[in-house]
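Side chains are part of it too, since the values below use all heavy atoms of this structure and drop only hydrogens, waters and symmetry mates. None of the values given here were measured: they were computed from a predicted structure.
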Amino acid sequence: MEKALGDVLREEGFRKEGQSKWIRRVGETVQVAYLQRSQFAHEYFIEAGICQEKDIPAGRKPDVVYCRFEDRARIEHIIEELEKARRNEDETSIKEKKDKVITALDFEAPGARKSTPGEYFVPSVSMEQADTNIETIQKTVKEYVPEWFEKRFQRSH
């Protein structure tokens with residue numbers, strides 16, 4: 001998952017910095033993309049943010065936590081924001097796109113929590129399903145994340 005996401009982000013000029021984090025510097029701003037695994041389930045979150053160099057503490061690496069709250073978002077909110085900006089007024093279509101990526105970010109086998117209650121490690125989806133999920137995530141990140149960064153960068157300058 002991390003490699004597949006990294007492949008897409010490298011195409012956009014990002015470089016890996018730290019575990020599951022990619023950055024791209026543009027002038028005095030730092031664009032950060034971050035892959036996080038849930039501590040409670042076998043699902044992931046993708047978050048993006050734009051930080052100002054001056055807001056990153058001395059000696060620290062760029063991180064989404066240093067981005068202003070309004071300049072960071074999870075992938076599902078990025079989809080919603082851009083689809084509305086594209087004047088896609090169809091709320092059902094937007095919800096379907098968000099749900100598709102949320103589902104793809106979940107690598108836990110259906111019903112795994114019920115069949116293994118209280119367990120941290122539960123059965124994962126099949127390899128075929130994992131490959132399909134990763135492909136969906138790659139396509140979604142490629143379609144939305146670079147555009148979101150561009151629109152956010154333009155708005156701040």
Side-chain angles (χ1 to χ4, degrees), residues 1-108 124-125 128-157:
M1 169 74 151
E2 188 174 315
K3 181 189 176 322
L5 186 58
D7 290 346
V8 170
L9 293 168
R10 268 189 300 285
E11 288 175 15
E12 297 296 328
F14 285 80
R15 66 178 175 80
K16 194 164 192 308
E17 186 160 309
Q19 189 169 342
S20 304
K21 185 173 30 174
W22 297 265
I23 66 163
R24 177 171 67 178
R25 286 185 159 77
V26 181
E28 293 296 313
T29 65
V30 181
Q31 299 172 350
V32 182
Y34 179 60
L35 174 68
Q36 178 184 16
R37 180 170 180 210
S38 169
Q39 61 184 358
F40 303 108
H42 195 172
E43 63 184 348
Y44 294 85
F45 305 98
I46 297 173
E47 191 169 10
I50 297 180
C51 307
Q52 301 304 314
E53 285 279 0
K54 64 181 176 55
D55 295 332
I56 301 169
R60 297 291 190 155
K61 292 184 178 190
D63 200 316
V64 292
V65 298
Y66 303 128
C67 303
R68 293 183 335 202
F69 182 74
E70 61 271 13
D71 287 331
R72 58 192 273 200
R74 284 195 174 164
I75 188 71
E76 59 269 24
H77 301 294
I78 290 170
I79 292 169
E80 182 174 32
E81 181 180 320
L82 291 179
E83 286 297 327
K84 286 181 177 179
R86 294 173 180 172
R87 304 226 186 270
N88 181 348
E89 305 299 329
D90 182 3
E91 291 291 327
T92 302
S93 172
I94 294 171
K95 183 178 180 339
E96 287 172 0
K97 289 177 182 193
K98 287 171 48 176
D99 288 349
K100 184 176 182 179
V101 77
I102 290 168
T103 299
L105 288 163
D106 186 354
F107 285 79
E108 200 166 277
S124 297
V125 296
E128 293 94 18
Q129 184 62 51
D131 289 343
T132 299
N133 288 9
I134 289 169
E135 184 177 317
T136 297
I137 293 162
Q138 283 182 305
K139 287 179 181 176
T140 303
V141 167
K142 188 173 187 85
E143 178 180 355
Y144 291 100
V145 172
E147 182 180 345
W148 183 82
F149 277 126
E150 183 62 31
K151 288 188 180 306
R152 290 289 169 142
F153 181 74
Q154 288 173 355
R155 192 168 52 183
S156 67
H157 285 82

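Of all heavy-atom pairs spanning D63 and K21, the tightest one is OD2-NZ, 3.6 Å. Closest approach of V8 to V141, counting heavy atoms only: CG1-CG1, 3.9 Å. Smallest separation of non-hydrogen atoms from G49 and C67: C-SG, 3.6 Å. Of all non-hydrogen atoms in Y34 and S20, the two that sit nearest each other are CD1-O, 3.3 Å. Contact between E17 and P62 at its shortest, heavy atoms only, is OE2-CD, 3.1 Å. Residues V26 and T29 share a closest heavy-atom pair of O-OG1, 2.7 Å.
Going from atom CD of E81 over to atom CD1 of I79 covers 11.5 Å, rounded to the nearest 0.5 Å. With rounding to the nearest 0.5 angstrom, the CD1 atom of I46 is 9.0 Å from the CD1 atom of I78. Within the model, atoms CD1 of I50 and CG of D55 stand 12.5 Å from one another, a figure rounded to the nearest 0.5 Å. One finds the CG atom of L5 at 8.5 Å from the CD atom of E2 (value rounded to the nearest 0.5 Å). Atom CG in L82 sits 10.0 Å away from atom CD1 in I94 (nearest 0.5 Å). Note that CD1 of I137 is 4.5 Å distant from CZ of F107, once rounded to the nearest 0.5 Å.
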- Task: Let me see the working for I75 and L105 under side-chain contact (heavy atoms from CB on, under 4.5 Å), right down to the final yes or no.
- Result: CA-CA 10 Å; I75 188 71; L105 288 163; 3.9 Å; yes

- Message: Apply side-chain contact (heavy atoms from CB on, under 4.5 Å) to residues E12 and Q31 and explain how you reach the verdict.
- Response: CA-CA 11 Å; E12 297 296 328; Q31 299 172 350; over 6 Å; no

- I would like to know whether E83 and Y144 meet side chain to side chain donor-acceptor pair (under 3.5 Å); could you show each step before the answer? CA-CA 9 Å; E83 286 297 327; Y144 291 100; 2.6 Å; yes

- Give the intermediate values and the outcome of side-chain contact (heavy atoms from CB on, under 4.5 Å) for residues M1 and I134. CA-CA 6 Å; M1 169 74 151; I134 289 169; 4.2 Å; yes

- Message: Determine whether I23 and R15 satisfy the following criterion, side-chain contact (heavy atoms from CB on, under 4.5 Å), listing intermediate values before the conclusion.
- Response: CA-CA 6 Å; I23 66 163; R15 66 178 175 80; 3.7 Å; yes

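Under a 3.5 Å cut-off, the side chain of K54 and the backbone N or O of E28 do not form any donor-acceptor pair. The main-chain N or O of S38 is never found under 3.5 Å from a side-chain atom of E43 such that the two would form a donor-acceptor pair.
Contact of the E76 side chain with the K95 side chain is not registered, since no non-hydrogen atoms from C-beta on lie closer than 4.5 Å. Counting heavy atoms from C-beta on, the side chains of E47 and R72 come closer than 4.5 Å.
Relative ring orientation between F149 and F14 is described as tilted, the plane-to-plane angle lying within the 30° to 60° band.
Open room surrounds CZ on R60; 12 or fewer heavy atoms of other groups in view lie less than 6.0 Å from it. Atom CD of Q19 is surrounded by 12 or fewer heavy atoms from other residues, nucleotides or ligands within 6.0 Å.
Ion pair K98/E80 flagged as a salt bridge, since at least one NZ, NE, NH1 or NH2 atom sits closer than 4.0 Å to an Asp/Glu carboxylate oxygen. Ionic pairing of K100 and E143 is not present here: no N-O contact between side-chain nitrogen and carboxylate oxygen is shorter than 4.0 angstrom. A salt bridge links K142 with E11: at least one charged nitrogen is closer than 4.0 Å to a carboxylate oxygen.
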